[in-house]
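Reading through the structure tokens given below for one structure.
Only a predicted model underlies this, so the values are computations on that prediction, with no experimental measurement involved.
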Amino acid sequence: QVQLVESGGGAVHAGESLKLSCSASGRFSSIRSVAWYRQAPGKQRELVARTSHFGGTNIADSGKGRFTVSIDRNEHTAYLQMNGLKPEDTAVYSCSATVRARPGGPTADYWGPGTQVTVSS
């Protein structure tokens, strides 16, 4: 099994930055890709950023020019760098990782519990 836990959330003022982490532990071979989602009260969960199947990254329109997603496979950790935060970025941010259990084996998706990001004007 694989466990994911997010960290790095908090309360900041508009224009400031946060770097969220998503650390993986347990039995697995590698992390294939990571996606970051967020959900604000009264709203549906939305995709924020993800790594592509071809090694690139995709950032949602809401975060383009401000957000960056990356994976440090040596540390088994994914990151979401968020610059120029806005009040509308306030939400619970969750990571989802596609993990390979063994070399050459199948992959499966896992979710972390989320971390709160609050941006005040």
Side-chain angles (χ1 to χ4, degrees):
Q1 287 288 344
V2 177
Q3 297 81 43
L4 303 179
V5 60
E6 300 93 342
S7 62
V12 298
H13 294 289
E16 296 181 342
S17 300
L18 284 174
K19 188 174 185 178
L20 306 184
S21 300
C22 176
S23 297
S25 62
R27 296 187 63 219
F28 63 93
S29 176
S30 62
I31 300 173
R32 182 174 182 269
S33 61
V34 169
W36 286 91
Y37 295 81
R38 69 185 184 188
Q39 187 168 24
K43 295 186 177 181
Q44 296 187 57
R45 179 181 295 172
E46 63 173 315
L47 178 68
V48 177
R50 66 178 177 89
T51 61
S52 74
H53 292 288
F54 306 100
T57 62
N58 291 307
I59 309 296
D61 288 343
S62 60
K64 285 182 178 177
R66 302 186 298 128
F67 294 177
T68 303
V69 63
S70 61
I71 301 175
D72 186 336
R73 289 181 169 82
N74 291 331
E75 297 292 334
H76 301 155
T77 301
Y79 300 97
L80 178 65
Q81 177 69 49
M82 302 187 293
N83 299 325
L85 285 163
K86 306 174 181 179
E88 50 263 44
D89 294 320
T90 296
V92 173
Y93 285 72
S94 303
C95 69
S96 177
T98 300
V99 177
R100 194 178 302 279
R102 64 183 189 276
T107 60
D109 293 339
Y110 296 86
W111 285 85
T115 185
Q116 177 72 47
V117 171
T118 302
V119 184
S120 61
S121 60

Subject >> Nearest-0.5 Å distance that lies between atom CG in Leu4 and atom OG in Ser94 >> reply: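 These two atoms lie 10.0 Å from each other.
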Original post:
What pairs with Phe28 under ring-ring contact (aromatic ring centres under 6.0 Å, His included), at least two apart in sequence or on another chain?
Top reply: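 Counting only residues at least two positions away or on another chain, Phe28 forms a ring-ring contact (aromatic ring centres under 6.0 Å, His included) with His76.
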Subject >> Non-neighbouring partners of Tyr79 that pass ring-ring contact (aromatic ring centres under 6.0 Å, His included), sequence neighbours left out >> reply: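 Partners of Tyr79 under the ring-ring contact (aromatic ring centres under 6.0 Å, His included) test: none.
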**OP:** Among residues two or more places apart or on two chains, list those pairs meeting salt bridge (charged side-chain N to carboxylate O under 4.0 Å, His left out) that have a residue in residues 97-110.
**Re:**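 Listed once each, the pairs would be none.
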**OP:** Kindly state each residue pair satisfying salt bridge (charged side-chain N to carboxylate O under 4.0 Å, His left out) with at least one member in residues 2-26, sequence neighbours excluded.
**Re:**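 Of all non-adjacent pairs touching residues 2-26, none passes salt bridge (charged side-chain N to carboxylate O under 4.0 Å, His left out).
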Original post:
Is there any ring-ring contact (aromatic ring centres under 6.0 Å, His included) pair reaching into residues 88-108, and which pairs are they, with sequence neighbours excluded?
Top reply: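 Non-adjacent pairs meeting ring-ring contact (aromatic ring centres under 6.0 Å, His included): zero.
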**OP:** Could you name each residue pair satisfying ring-ring contact (aromatic ring centres under 6.0 Å, His included) that touches residues 31-51, not counting sequence neighbours?
**Re:**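 Listed once each, the pairs are Tyr37-Trp111.
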Original post:
Under a 4.5 Å cut-off applied to non-hydrogen side-chain atoms, are Thr98 and Ile31 in contact?
Top reply: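 They are not in contact (no side-chain heavy atoms under 4.5 Å apart), so the answer is no.
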Original post:
Would you say Met82 and Leu20 make side-chain contact, with heavy atoms under 4.5 Å?
Top reply: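 A side-chain contact under 4.5 Å exists here.
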Original post:
Which atom names give the shortest non-hydrogen contact between Ala24 and Val2, and what distance separates them?
Top reply: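 Closest approach of Ala24 to Val2, heavy atoms only: CB-CG1, 4.4 Å.
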Original post:
Is Thr107 reaching over with its side chain to a backbone N or O of Val99, donor-acceptor style, under 3.5 angstrom?
Top reply: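 The answer is no, because no donor-acceptor pair under 3.5 Å joins these two groups.
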Subject >> Glu88 backbone acceptor or donor facing Thr90 side chain under 3.5 Å >> reply: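 A pair under 3.5 Å: no.
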Donor-acceptor contacts, no H, no angles, side chain residues 112-121, under 3.5 Å, sequence neighbours left out:
| unit_1 | atom_1 | unit_2 | atom_2 | d |
| --- | --- | --- | --- | --- |
| Thr115 | OG1 | Gly9 | N | 3.4 |
| Gln116 | NE2 | Ala91 | O | 3.4 |
| Gln116 | NE2 | Thr118 | OG1 | 3.4 |
| Ser120 | OG | Val12 | O | 3.4 |
| Ser120 | OG | His13 | ND1 | 3.1 |

**OP:** Please identify each residue that fulfils side chain to side chain contact (heavy atoms under 4.5 Å, CB included) with Gln3, with sequence neighbours left out.
**Re:**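 Gln3: side chain to side chain contact (heavy atoms under 4.5 Å, CB included) contacts with Gln1, Ser25.
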Name each donor-acceptor pair under 3.5 Å that joins a side chain in residues 54-63 to protein atoms two or more places apart or in another chain, with its distance.
| unit_1 | atom_1 | unit_2 | atom_2 | d |
| --- | --- | --- | --- | --- |
| Asp61 | OD1 | Lys64 | NZ | 2.9 |
| Ser62 | OG | Arg38 | NH2 | 3.4 |

**OP:** May I ask you to list the residues sharing a hydrophobic cluster with Val5, side-chain cutoff 4.5 Å, ordered by chain and number?
**Re:**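 None, because no other hydrophobic side chain comes under 4.5 Å of this residue.
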Subject >> Contacts of type salt bridge (Lys or Arg N to Asp or Glu O under 4.0 Å), residue Arg66, not counting sequence neighbours >> reply: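 Here the qualifying residues are Asp89.
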Original post:
Mind checking what makes side-chain hydrogen bond (donor to acceptor under 3.5 Å, both in side chains) contact with Ser17, not counting sequence neighbours?
Top reply: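 Ser17: side-chain hydrogen bond (donor to acceptor under 3.5 Å, both in side chains) contacts with Asn83.
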Original post:
Stepwise, does the side-chain contact (heavy atoms from CB on, under 4.5 Å) test hold for Thr51 with Ile71?
Top reply: CA-CA 9 Å; Thr51 61; Ile71 301 175; 3.9 Å; yes
Original post:
With the 4.5 Å side-chain cut-off for hydrophobic clustering, are Val48 and Tyr110 part of the same group?
Top reply: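 Same cluster: Val48 reaches Tyr110 through Ile, Leu, Val, Met, Phe, Trp or Tyr contacts under 4.5 Å.
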